[in-house]
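The structure appears below as structure tokens.
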Amino acid sequence: MSSHSVTPWYKQAWPWFLLGLLGVSIVASSTLAVMALRTSDGLVQDDYYEHGRAINVVIAKQERARELNLTAELRVDSITSDIILDLDGDVRPDTLYLKLIFPTQDDRDQQFVLEHVRDGRYLAQGPDNLRYRWYLQLQPDEDDADWRLIGEARFPDENSIALQPGGRSASE
């Protein structure tokens with residue numbers, strides 16, 4: 001007869017390994033549940049119905065820009081952070097409002113007032129170290145504009161960015 005002794009379960013490695021996996025999964029899922037409850041989702045809009053109704057207003061603004069033959073070329077100087085915009089078309093307002101909209105975090109959105117310098121050229125001081133992808137909106141009034149140009153850019157970019165009435169376009 002051999003004297004083979006069986007060790008108790010708490011002295012073996014497998015039960016502790018399995019209990020450890022269970023403990024890690026409980027801690028991880030609890031942490032993720034707490035994070036989901038405490039943080040807000042910036043992409044979800046509470047007034048989605050109003051935003052859906054406002055789409056016709058946005059389309060009308062873009063159509064008005066098309067009627068006025070408006071297009072613009074935007075450049076951001078990487079050294080001085082100057083925003084330089086050349087507007088082509090039938091109107092030349094004294095000021096323009098440029099909105100930089102970050103796709104996923106609305107608290108990073110920025111707005112700049114561009115002043116008319118000469119012959120359709122507008123200038124403003126931009127932010128330092130502008131990075132990542134942004135949606136662009138250009139309009140003559142801050143809130144109630146009758147036309148709007150839109151575009152899309154990835155900064156830093158040395159090329160000019162086209163702003164057009166109806167579609168987003170990447171850097172040229």
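Just so we're clear, the structure is a prediction, and the values are computed from it rather than from any experiment.
- Rounded to the nearest 0.5 Å, atoms CZ (R108) and CH2 (W134) are 5.0 Å apart.
- Distance check: L96 CG to L149 CG gives 8.5 Å after rounding to the nearest 0.5 Å.
- Within the model, atoms OH of Y132 and CZ of R154 stand 10.5 Å from one another, a figure rounded to the nearest 0.5 Å.
- The two residues I101 and D109 come nearest to each other via the heavy atoms CA-OD1, 3.5 Å.
- Hydrophobic clustering keeps I84 apart from L74 (ILVMFWY residues linked when any side-chain heavy atoms are closer than 4.5 Å, directly or through intermediates).
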| task | Show the numbers, then the answer: is there a side chain to side chain contact (heavy atoms under 4.5 Å, CB included) between I150 and V58? | result | CA-CA 11 Å; I150 59 174; V58 171; over 6 Å; no
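- Interatomic distance, CG of L70 versus CZ of R92, reported as 9.0 Å (0.5 Å rounding).
- Side chain of S25 to backbone of L22: a donor-acceptor contact under 3.5 angstrom is found.
- Closest of all the heavy-atom pairs between W147 and V91 is NE1-CG2, 4.0 Å.
- Rounded to the nearest 0.5 angstrom, L37 CG and L32 CG are separated by 11.0 Å.
- Residues A124 and V113 approach most closely at CB-O, 3.3 Å, considering heavy atoms.
- Cluster annotation: L114 is connected to L136 through the hydrophobic network of ILVMFWY side chains, with a link wherever side-chain heavy atoms come within less than 4.5 Å.
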| Trace of the side chain to side chain contact (heavy atoms under 4.5 Å, CB included) decision for F155 with R131 | CA-CA 5 Å; F155 295 106; R131 302 222 179 283; 5.5 Å; no
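- Heavy-atom neighbours of D94 CG from other residues, nucleotides or ligands within 6.0 Å: at or below the threshold of 12.
- Among all heavy-atom pairs drawn from R75 and D86, the shortest one is NH1-OD2, 3.5 Å.
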| message | Between W16 and Y10, is the side chain to side chain contact (heavy atoms under 4.5 Å, CB included) condition met? List the steps. | response | CA-CA 7 Å; W16 291 111; Y10 56 85; 4.1 Å; yes
